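Here is the structure we will look at.
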Amino acid sequence: MQLLPGFRDFYPEDCARRNYIIATWREVARRYGFVEFDGPMLEPVELYKKKSGGELVGQLFDFTDKGERHVALRPEMTPTLARMIIARERDFKKPIKWFCAPQFFRYEKQQRGRLREFGQLNCDLIGESSVAADAEMVALAIDMLRAFGLSGEDFVVRVSDRDAWKAFLDAHGSFDEAGLAAFLQVVDKMERNKPEVTETALKAFGISLEEVRAFIANPGTHFERFNALAAELDARGLKGFYQLDPTIVRGLAYYTGLVFEVFDRKKTLRAVAGGGRYDNLMSAMSDGKVTLPAIGFGMGDVVLGELIDATPAAAEKMKTWIAQRHAADVYIVIANEARRVNALGLVQQLRGMGFRVDYPLSAAKVGKQFQNAEQAGARCAVVIGDEWPQIKLKTLATRDECIVALDELPARLDSASPGFLVS
Ligand code: HAM
């Protein structure tokens, strides 16, 4: 049986990579004072049809369940987050700072950087409309990537502002919300589409491609919010990690104002992350009962993994993290089968203390047991044999060995194998 296109098996080595990515995301989000939440994997399809909009609606994994409900696997978190906040808005102190890192599903054409199942970190700050909040979120996106060993030479945050495009459109005529949304879709696809296609699409708005290009090249004073953001980021020492790029408008319907995307510097990969303000979403979803400004971003594990692999310093960092989490730290070698009972007692005792311990389930040659110890990544081998109740302790990397008494063993293991309790 073949895998469905765009889905992944996670063999232990793949799981180790995923664990690394999620552990790093969690660690950095918590450094910024964010707390973790989650929602359901399945939602009513209307949640996305009404709120996500754009391309995403055509990419839903939707079906009718046995109760005749039209449902969809979650393609993104933002509408769920908004629903959850609206339901218990009064219970949370503002600003609300939440993150999550689950799996999402989009029926996209499988290609480099795009799968049908992917992991995505979401960080959202709700209840604060200031540029200080914008800066906090962009800084968080930057620090997320720096935590993987990536630098300003490897990635850049491209920042834009939908309000600037709204002002540009308003200067060319009178358009309603739907008109603005349609126009933003044209700008969003500009980089991917042929100029003729964009030219034709722009005709509906009475705007020429030249006018749009001139605005991008020389946006004048329309990006005031960006300038304020830049000052905040520079104060944090983050100059060089971001740039103004008016071509970024984002595909999702709910964004208002500031939007941004993170790309690799070489521009060979898809976006690593994307986000922006969505100041009207809560209000639109609660018929005006809850009005909370919000800003957030999503960062996918697929492109991030590709960027880590393509950046030696980041790849090395990941390798080291994974190597520290081997299956076993201590391998009990049973050199004399008559001592198996004693060995089992010791295995349990050490496991109870938090050591990662493995041992042979059946009789095996000592040489083979040492091989197994190496394969499991163990740092120490504890040999139970004729010396019992004395024990031979061997540090596998250096081949140093010594004889220790049973009650000294835990302390000796601890010093021979520092950091054995890595989570
Ligand atoms: P998005 O731009 O659709 O935004 O996705 C954010 C990131 O998720 C992308 O930059 C990409 O790395 C990853 N991603 C998206 N689709 C796929 C896919 N099919 N395969 C692999 N990776 C993918 C959102 O989803 C917004 N809800 C983010 C947000 C949170 N905005 C505010 N808060």
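Computed from a prediction, not measured in an experiment: that's the story for all the values here. As the structure lists them, so they are numbered: ligands from 1, and atoms in each ligand from 1.
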Does [X] make a cation-pi contact with [Y], if we ask for NZ or CZ under 6.0 Å from the ring centre and within 45° of the axis?
X    : Y    : answer
R158 : F263 : yes
K394 : F370 : yes
R74  : F104 : yes

Relative to the heavy atoms of [X], which atoms of ligand 1 are at a distance of less than 4.0 Å?
X    : result
Q120 : 5 (O), 6 (C), 7 (C), 8 (O), 24 (C), 25 (O)
Y254 : 26 (C), 27 (N)
G113 : 20 (N), 21 (C), 22 (N)
V302 : 21 (C)
G274 : 10 (O), 28 (C)

Assert yes or no for the condition that the ring centre distance of [X] to [Y] is strictly below 6.0 Å.
X    : Y    : result
F241 : F155 : yes
Y32  : F99  : no
F175 : F183 : no

With heavy atoms under 4.0 Å as the rule, classify the contact between [X] and ligand 1 as side chain, backbone, both or neither.
X    : result
R106 : side chain
L81  : neither
Y255 : side chain
D124 : side chain
F297 : backbone
A273 : backbone
F260 : neither

Please check whether [X] reaches ligand 1 - meaning an N/O of the residue sits under 3.5 Å from an N/O of the ligand, judged on distance alone.
X    : result
V272 : yes
A271 : yes
N122 : no
R250 : yes
L115 : yes

Minimum-distance protein heavy atom relative to [atom]:
atom                    : value
atom 14 (N) of ligand 1 : F118 CE1, 3.6 Å
atom 13 (C) of ligand 1 : G300 CA, 3.7 Å
atom 28 (C) of ligand 1 : G298 N, 3.4 Å
atom 24 (C) of ligand 1 : L252 CD1, 3.6 Å
atom 27 (N) of ligand 1 : E76 OE1, 2.5 Å

Main-chain N/O of [Y] paired with [X] side-chain donor or acceptor, under 3.5 Å:
X    : Y    : value
R325 : W321 : yes
D245 : T247 : yes
W98  : N122 : no
R106 : L115 : no
R265 : G152 : yes

*Member of R69, K49, K50, R83 meeting the salt bridge (charged side-chain N to carboxylate O under 4.0 Å, His left out) criterion with E43*: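 Checked R69, K49, K50, R83 against E43; only one passes salt bridge (charged side-chain N to carboxylate O under 4.0 Å, His left out): R83.
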*Touching ligand 1 at all, Y107? Heavy atoms, strictly under 4.0 Å?*
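The answer is no, since Y107 has no heavy atom less than 4.0 Å from ligand 1.
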*Charged N to carboxylate O under 4.0 angstrom, R146 versus D143?*
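Yes, charged N to carboxylate O under 4.0 Å.
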_I384 and side chain to side chain contact (heavy atoms under 4.5 Å, CB included): which single residue from L344, L346, V333 fits?_
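Checked L344, L346, V333 against I384; only one passes side chain to side chain contact (heavy atoms under 4.5 Å, CB included): L346.
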